[in-house]
Structure formats: structure tokens, C-alpha cells
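All chains are named by letter (A, B, ...) in the order of the sequence lines, taking the proteins before the strands, and each is independently numbered beginning at 1.
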Amino acid sequence: MAREFWRNFVNGIFKENPVLILMIGLCSVLAVTTNLANGIGMGLAFSFVMVFSNIFVSLLRPVTPHNIRIPIFIIVIGTFTTITDLVMSAYLPELHHALGIFIPLIVVNCIIIGRAEAFAYRNNILNSIADGLGMSVGYFWSITVLAGLRELLGSGTLMGIPVVPSFFKPALAFIMPPGAFWGIGLLIGILNWSIEKVKKKASKKEVVTHYHT
Amino acid sequence: MGILGKLFTLFLFASLVDNIVFMRFLALCSYVGMTSQYDASMGMGIAVTFVTVMASIVTFFIYYYILQPLNLLFLKIIAFILVIAALVQLVEMVIRKTSPYLYRAMGIYLPLITTNCAILGVTFINIDMTYNLLEVIVYSLGVSVGYTIALLLLAAIRERLNFSDIPNFWKGYPLVFITSGLLALVFLGFQGMAH
């Protein structure tokens, strides 16, 4: 059981990474990553809604009629999105203002609805928690890496602290809209390249072992 | 500037200067997902235009005539998304009954639209900017035109890119995003028009 939990958890981090492999939930990832602090804030808000809606969709399975499951998912997700929205505007007003409409838009985030439909609706609570946590970690590392990259190249700082030597001239384009597209394009390209390399290595190993036997 | 001039400026602002895809990063799922064929992106553009304008009008009345008098503003998110979901269903049924041709052109895209964040995003922006009804209609129309332009541009470029000779790991999505970055750079030029 612990093994199953672990397998469901790891699934979302690399193999089915929602942002970099499945290409869903991109809007918030590209829009708020102008600096690292925003990326982390968005990642945490998303994780909260993701895990709790997975839990409640899984809990409500016995009483959910199959025909109207999608509206029920939407109400569950909308409830947690509203909670996040109100709590953030009360306690973190600056961050809430910076993230803007992307906090209420978590309700139509394809990742959360997709996992509710494809996983939480068909699995028990423990596995749904594992899946929600895994997807959150996958989303969180993608958004923080992209935010860090953009802040580093665009303004030469990390979390607002200058980290680059003085001869480096930051490229302003990277914190403007084009930089978001270039940043995620580069990330996906590098990921594809490393996957290709790993696969090549694996197939080479196979050939060698075959030869020895 | 008369009222018509103001509305025209708002239309240009919504469609080009503040393009929903390149400047606001909304509706990216359909932007990268639906643009592998030119015809499909045209159908998606028409369907989104139709639903965005209708949803903006309906949510305008719901916000100002139901939620605000009853002091239920915290229900905004849930109310809007449910209204849009119901509206999409309704539109789909009406079109299927009345116009088989239109249904074939945009029917398969309609269910996808419920989770299209551009539509919900536009309804939130309408409320945030406190537009009146006329401005809401013009703004949502401008946004949808901008969305369609973005989709058609990328679809046309992608048809060419299929034949280009590039390293394997850049094919597909990475190249789509690099291209979008260049398109966004072009649209950044329209910002000068705002002043």
C-alpha cells in the first residue's frame, strides 16, 4: 500500500508532469512567473486547491450521480478556490494583487478538473491524496524553475536579491510576455533532449547486456 | 472623442493592444492544443466568440442584479462558472436543433469551452473594470476577435513549420512556444498605440 501511494505520488512529478509533459494549466504558469515570489505563491495556492478538491471528490464518490459529476466537481473546486481567494486577499493582499485574476481562475484549471475526472473519481482517498500531492509537486517545480529563470535573466535578481555580477545586463524581454513563451519553450526543449538522451543510454545498455549474455 | 470613438478604441485595445493570448496569457490550452489544423482553429474561434459575448452579457446581469442586491458577492466564482457551463449546454442544444451546418462547424468545440479560461477571465475583467453593458459587449467581442487572430496566426505558421528541418527534441511544443514568443514580441509593438 505504501508502494502504491509512492507510485501515484511520483507519477505527477516527471512522467505525467501536468505542465511540461501534458501541456495543461499553462495560463497561470506563463502569466505569473515574472518573479520567483509570485511563482511560489501561485504554486502554493494551486497545491491547496488541488489536494483538497481531490480529497473531496474522492470522498463524495458514493453520492455522486454519474450524469452530473462534472457540475459537482466544479462546485467542489469552486469552493476551495473561493476559500483561497478570500484568505489570500485578507492576509496576503500584495501577493493577491500581483496574481490578479489567476487566483479565481484556478477554478477552470484543466489540471484539477482533469485529475478529478481521471483519478479522484475512480480511486480511494489515500491514492487521491498521493495523486494530488504528486501533481502539486510537479506543478510547483515547473512554475518555480520558470519563475527563477525569468527573474534571473529578466532582472538579474532572485526573490528580489541581486545575484548576478555587474557586467551582466538583464534582458528586460524575459519579464515581459515574450520571455514567458521563450522560457517555457526552452524548458520543454531541454526536458525532451534529456529524455531522448536517457532513452538512448538505456537502449545502448540493453544492447551491451544482450551481447554479454 | 464621441461615444463611438471610445468604443472603437476599447475594441482595438481588447483585440490587439491587450491581446488575450499574447499579453494576458489566457486560453493557452486551446491555443497550443487546437492550432495543428487551420480549419479547427477557425471553428474554435467562432465558437468562443459566440459564447464569450453571451456569457459576458448574462454574467453582467447576474452580478449587478442578483449577487449585488442580495449581498452574495463571495459566490461570484461559483455562480459565474456554473452559469457558463449551463449556457454552453444550452447553446449546444439550440444549435443542434436549429442549424445542423453550424453544429457541424462548431459543435465539437463547445464542450471544451466550459473550461476555457478566456471566457471566465473576460467576465472577471468586465467586473473589475466596471464596464457598462455596451462596453461589456464591445470588450468581449474585441477579446474574441483577438483570440481568433492569435489562433489563426499560429495555425498558419504551424502548417509551414511541419516541413522545416529542425532537431528532434525541438519539434512540436518547444517550437510552438518559441514561435509564440516571437508573435508576442510583435504584439508588444501595439502597446505604443495605447499612448
Side-chain angles (χ1 to χ4, degrees), chain A residues 20-33 70-71 73-86 100-114 117 173-174 176-197, chain B residues 19-33 73-82 84-86 89 111-125 127-128 166-188 191:
Chain A
L20 299 176
I21 305 285
L22 302 182
M23 302 289 153
I24 50 179
L26 287 168
C27 307
S28 52
V29 172
L30 292 190
V32 305
T33 46
I70 305 278
F73 298 163
I74 290 178
I75 292 177
V76 170
I77 300 167
T79 309
F80 288 106
T81 310
T82 310
I83 293 172
T84 318
D85 191 34
L86 295 178
I101 59 168
F102 288 94
I103 292 292
L105 282 182
I106 294 177
V107 72
V108 282
N109 194 308
C110 324
I111 306 170
I112 300 180
I113 296 185
E117 162 77 11
F174 266 90
M176 289 168 96
F181 289 109
W182 292 332
I184 197 154
L186 278 175
L187 269 186
I188 297 166
I190 292 169
L191 199 70
N192 282 353
W193 178 72
S194 42
I195 288 173
E196 212 170 71
K197 271 236 153 139
Chain B
N19 188 282
I20 193 94
V21 175
F22 295 122
M23 293 298 141
R24 289 234 183 216
F25 302 108
L26 292 173
L28 284 171
C29 297
S30 58
Y31 172 73
V32 295
L73 293 187
F74 63 92
L75 280 181
K76 186 176 77 173
I77 298 174
I78 293 180
F80 280 19
I81 184 71
L82 285 181
I84 291 174
Q89 283 289 319
L112 296 173
I113 284 179
T114 311
T115 53
N116 188 325
C117 45
I119 294 167
L120 193 63
V122 168
T123 59
F124 286 148
I125 293 170
I127 302 298
D128 283 348
I166 49 166
N168 243 340
F169 53 89
W170 283 121
K171 275 188 184 152
Y173 291 124
L175 195 63
V176 166
F177 282 115
I178 304 284
T179 314
S180 315
L182 294 172
L183 283 174
L185 202 60
V186 174
F187 273 77
L188 209 56
Q191 299 260 312

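Within the 4.5 Å cutoff, side-chain heavy atoms of A/Leu186 are placed close to those of B/Trp170. Side-chain contact between A/Met23 and B/Phe177 is present, with at least one heavy-atom pair separated by less than 4.5 Å. Contact check for B/Ile119 versus A/Val108: no side-chain heavy atoms found under the 4.5 Å cut-off. Side-chain atoms of B/Phe80 and A/Val107, non-hydrogen and from C-beta on, never get closer than 4.5 Å to each other. Residues A/Ile75 and B/Leu82 are in side-chain contact: their nearest non-hydrogen atoms beyond the backbone lie under 4.5 Å apart. Looking at B/Ile178 and A/Phe181, their side chains never come closer than 4.5 Å, going by heavy atoms from C-beta outward.
When each of B/Ile127, B/Asp128, B/Thr123, B/Val122 is checked for a side chain to side chain contact (heavy atoms under 4.5 Å, CB included) with A/Ile101, only B/Asp128 meets the rule.
For the set A/Thr81, A/Val29, A/Ile188, A/Ile24, the entry with the most heavy-atom pairs within less than 4.5 Å of chain B is A/Ile188. With chain A as the partner, the residue from B/Leu175, B/Leu183, B/Asn168 showing the most heavy-atom pairs under 4.5 Å is B/Asn168.
When heavy atoms are compared at a cutoff of 4.5 Å, B/Leu182 approaches chain A by way of both its backbone and its side chain. At a 4.5 Å heavy-atom cutoff, the contact between B/Leu26 and chain A is made by backbone and side-chain atoms alike. Using a 4.5 Å cut-off between heavy atoms, B/Ala86 makes no contact with chain A at all. Residue contact with chain A, scored on non-hydrogen atoms closer than 4.5 Å, involves the side chain of B/Tyr173 exclusively. Contact annotation for B/Leu120: both backbone and side-chain heavy atoms come within less than 4.5 Å of a heavy atom of chain A.
Atom CD1 of residue A/Ile74 and atom CD1 of residue B/Ile81 lie 5.0 Å apart, to the nearest 0.5 angstrom. Taking NZ of B/Lys76 as the start and CG of A/Asp85 as the end, the distance is 7.0 Å to the nearest 0.5 Å. A/Leu26 CG to B/Ser30 OG: the interatomic distance, rounded to the nearest 0.5 Å, is 10.5 Å. The CE atom of A/Met176 sits 4.0 Å away from the CG atom of B/Leu188 when rounded to the nearest 0.5 Å. Expressed to the nearest 0.5 Å, how far CG of A/Leu30 lies from CG of B/Leu28 amounts to 5.5 Å. In this structure, B/Cys29 SG and A/Asn109 CG are separated by 7.5 Å, a value rounded to the nearest 0.5 Å.
The two residues A/Pro178 and B/Gly181 have their closest heavy-atom pair at CB-O, 3.4 Å. A/Phe102 and B/Arg24 make their closest contact through CZ-O, 3.3 Å (heavy atoms, listed as atom of the first residue, atom of the second, distance). The two residues B/Pro174 and A/Asn192 come nearest to each other via the heavy atoms CG-ND2, 3.8 Å. Considering every non-hydrogen atom in both B/Ile77 and A/Pro104, the closest pair reads CD1-CB, 3.8 Å. Looking at every heavy atom in both residues, B/Met23 comes nearest to A/Pro177 through SD-CG, 3.7 Å.
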